[in-house]
Every structure is written in structure tokens, then in C-alpha cells.
Number of protein chains: 2
Amino acid sequence: MNISRASDYAIRGLVYMAKQPAGTVCYVKDIAKNTNSPASFMSKIFQTLAKSGIVDSFTGTKGGFTFNACPEDITIKKVVEIIDGPIVLNRCAVNKSSCRNAGNCDVHFMWADIQKILTKALSSYSIADFATDKKKVSD
Amino acid sequence: MNISRASDYAIRGLVYMAKQPAGTVCYVKDIAKNTNSPASFMSKIFQTLAKSGIVDSFTGTKGGFTFNACPEDITIKKVVEIIDGPIVLNRCAVNKSSCRNAGNCDVHFMWADIQKILTKALSSYSIADFATDKKKVSD
DNA sequence: ATAATAAAGATAATTCATATCTTATTAAGA
DNA sequence: TCTTAATAAGATATGAATTATCTTTATTAT
């Protein structure tokens, strides 16, 4: 019941990028350093982000990644789904037919309900919410 | 971002028990059969449930497990926490000090917020909600 | 004494998370 | 043009957690 380190790093990495002037080419090395994450792992994560299209990648010297979307449009749900795959709280949450207890599953409705609540919450935040220092909240 | 098989089995097992007359001694064998789950795994799960106190266990012939609480009091959150441990969406969700980016963590507030929403949803359902056939919802 | 049950512990299989290593690509400079 | 350094892409490896299974022991009703 948690997001992966990879999703956490991806979110932090995208927030870092969104804080730079639009169009800035960022190196994994710098993204990793500024987010306290392992560079080699971050590299893998940004490969996945690039495949999804929300960042662009450029290989070779002076290559790197650029943010390829409006930070407002990139919700936390979207990032988590790109990295961890679809959010499925329980295997029977999606549809009853994929459930082992098909046709007689007591809990299907509950998981569908809770999942809806969770995904709504994840959709209510975007990368843009963290891209300015204004947003800081004290403990 | 999902509950474990173990939690799923635990919930189904407890629902099965709650459907029996109060005080009924249930065998793991029967619980497993009626929930389409592996008996040996279910056995382990019920050991954990017994340790937590929400079921009682009796060894020996005619031994088994009894439901040791009001099904209304056993929320889904409680079961998941007994089996999977505390619900922590992201390691920095609990408190900022446990976060690698302590003192400068953009996303702490978000995870604390989403976690609160999720745990509230998990607390809004209890085993009792599924212990009668009245509750059935069509797809 | 026997059979039925759970408890406890050991082990195994599989999957997933978390990386690291090697290769390909490119820009820039010699 | 050739070499080098910097970079991402892709392949591989490690380790931990999940999901079991199996075996032995303890307990108890018959």
C-alpha cells in the first residue's frame, strides 16, 4: 500500500525540472543530485518518462531531458501510472470478471469505491503545485 | 499501490466467519475453501489475526478459529494494517524528519493529505458490511 | 491411542523494487 | 576527419518482499 521509490524519484525529478526555465535541458546527473536520488536509477526512470512523452530526451554530449508538457497537466496520478503502471488496489477492483470469486465477490464494490477516491486524490495534485517555492507548507 | 493477497484473503476469511452464527468455530480448511484461497497460506494469515486478538484460536481436534469482535468494529483499515503493517503511501508521508529531503521536502504535505483520504476511505468499511447478502451490488 | 486440528518454523518459488553495468549516440575539439 | 568526453538507452544483476508450501510439534476430543 505505497508508491514505489521510482515514482517518488520521478515526481521529485519532474518538480526539479519544472522549476527550471522552460525548455532547459537537464542532465540526469543534476536531477539526481538535486533530488537526493541515485543517478543510475534516475536514468532508468527518465527513460520511462521519455517513452511516455512527458519529457523529451537528447542523447550525446550536451544531451539530456526537457519537460515536454505543462506542469499543470501532469498530475501525480499520471506520473505514478507511467512509472508503476495502472493503480489497482485489489485485483478484483477493476471488474468483477477478473476476480477469482467472479459473480459472487462481496468486496468488489468496496475496492472500486476506494480506488475511485484514491485516484481522485492523486489527480488533484500536479507537478505545477510544487514548482514554485510559494507552495511550501510547514510541519 | 495495492493491498497484498494476504490482506485480501484475510478480509474474505473474516467476512466468511462473520456470516456464520456468532461463536462458530471455523476450520482454516473450510475458510480457505469458501474464499478460494490456499489453505496453507490462509493458515499463516489466521495465525497473525489470532495474535492481533480479533480472532481466537483453539488447537486440537475440533479446534479452529472464532470471531472475537463485533464485525462492525473491524474496519478494512484495521485488517490491512494487521496483515500488511502500517499504511504509509510514501516514506515522507508520516513526518518530515523521516524524509531524506528533510526540511526541504516539497511533497510531504501532499502525501500526508492523500494518505489521510485513503485511510478514511478504508475506515469507512467494516467486515459487517459484507456479512449479509443484503449488501450485494451488481456490476 | 488415534485422529484432527492449529502453531511454529523452515524452506522454496516467484515477483518486484532497486539498482548497476555496458553500449550507442552525439557534440566539440584536436 | 578522428578522438574524446559526455550523455542517454538498453541490458543485466541484486536483493527484498510476497506468496506460498512443507514438516514437525503441540494440543485436544473421541
Side-chain angles (χ1 to χ4, degrees), chain A residues 1-13 17 24-33 35-68 80 82-91 100, chain B residues 1-13 17 24-33 35-68 80 82-91 100:
Chain A
M1 191 66 97
N2 52 43
I3 62 157
S4 65
R5 287 290 81 214
S7 282
D8 181 61
Y9 293 154
I11 291 165
R12 292 180 196 279
M17 288 185 80
T24 302
V25 176
C26 300
Y27 310 139
V28 164
K29 198 174 56 178
D30 294 333
I31 299 170
K33 193 187 300 172
T35 55
N36 295 309
S37 43
S40 51
F41 193 20
M42 195 57 121
S43 164
K44 184 86 183 288
I45 291 164
F46 267 78
Q47 276 179 39
T48 306
L49 292 175
K51 272 178 196 153
S52 82
I54 71 174
V55 299
D56 258 355
S57 72
F58 305 93
T59 66
T61 308
K62 305 266 167 118
F65 295 91
T66 57
F67 207 122
N68 198 27
V80 171
I82 288 168
I83 302 295
D84 289 346
I87 292 164
V88 177
L89 275 184
N90 192 8
R91 69 162 69 134
R100 205 164 181 168
Chain B
M1 192 66 100
N2 52 44
I3 63 157
S4 66
R5 288 287 84 213
S7 282
D8 180 62
Y9 293 154
I11 291 165
R12 293 179 195 279
M17 289 186 78
T24 303
V25 177
C26 301
Y27 310 140
V28 164
K29 199 173 55 179
D30 293 334
I31 299 170
K33 193 187 300 173
T35 55
N36 294 309
S37 43
S40 51
F41 194 21
M42 196 57 123
S43 165
K44 277 284 180 235
I45 291 164
F46 267 77
Q47 277 179 36
T48 306
L49 292 176
K51 273 179 197 152
S52 82
I54 71 175
V55 299
D56 258 355
S57 70
F58 305 94
T59 67
T61 307
K62 304 265 167 125
F65 295 90
T66 57
F67 208 121
N68 197 29
V80 171
I82 289 168
I83 302 294
D84 290 346
I87 292 164
V88 177
L89 273 185
N90 192 7
R91 69 161 69 133
R100 205 163 180 168

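Worth knowing before you read on, the calculation uses all heavy atoms, side chains too, and leaves out hydrogens, waters and symmetry mates.
If you measure from atom CD1 of A:Ile45 to atom C1' of C:dA19, you get 10 Å, rounded to the nearest angstrom. With rounding to whole Å, A:Asp30 atom CG is found 14 Å from D:dA8 atom C1'. Atom-to-atom, CG of B:Asn90 to P of C:dA17 comes out at 14 Å; the value is rounded to the nearest Å. Going from atom CE of B:Met1 over to atom C1' of C:dC16 covers 16 Å, rounded to whole Å. The nearest whole Å value for the distance from the CG atom in A:Asp56 to the P atom in D:dA9 is 10 Å.
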For residues 39-50 of chain B, dump all side-chain donor-acceptor pairs below 3.5 Å to protein atoms at least two apart in sequence or in another chain.
unit_1: B:Thr48; atom_1: OG1; unit_2: B:Lys44; atom_2: O; d: 3.4

Check your understanding: If pairs are Watson-Crick or G-U with both distances under 3.5 Å, what is the dot-bracket string of DNA chain C, marking crossing pairs with [ ] and pairs to another strand with |?
Key -> ||||||||||||||||||||||||||||||
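One N or O on the side chain of A:Asn68 and one on the backbone of A:Gly53 form a donor-acceptor pair closer than 3.5 Å. B:Thr35 places a side-chain N or O within 3.5 Å of a backbone atom of B:Ile31 that can act as its donor or acceptor partner.
A donor-acceptor contact under 3.5 angstrom links the side-chain atoms of B:Gln47 to the base of C:dA8.
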Review point. Which nucleotides of nucleotides 20-30 of chain C have their base under 4.0 Å from a protein heavy atom (B), which only their sugar-phosphate (S), and which neither (-), written as one string 5' to 3'?
Key: B----BBB---
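Residue contacts for B:Phe65: at a heavy-atom cut-off of 4.0 Å it reaches the sugar-phosphate backbone alone, with no base atom in range. Within 4.0 Å of B:Phe58, counting heavy atoms only, lie sugar-phosphate atoms of the nucleic acid but no base atom.
OP1 or OP2 of D:dA9 lies within a sub-4.0 Å distance of a side-chain N or O belonging to A:Ser57. Within the 4.0 Å cut-off from OP1 or OP2 of D:dT19, not a single side-chain nitrogen or oxygen of B:Tyr9 is found.
Rounding to the nearest 0.5 Å places CD1 of A:Ile54 at 11.5 Å from CZ of A:Phe65.
Between D:dT19, C:dA6, D:dA9, one nucleotide has an atom nearer to the side chain of B:Val28 than all others, and that is C:dA6.
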Review point. Stepwise, does the side-chain hydrogen bond (donor to acceptor under 3.5 Å, both in side chains) test hold for B:Ser4 with B:Asp84?
Key: CA-CA 7 Å; B:Ser4 66; B:Asp84 290 346; 2.5 Å; yes
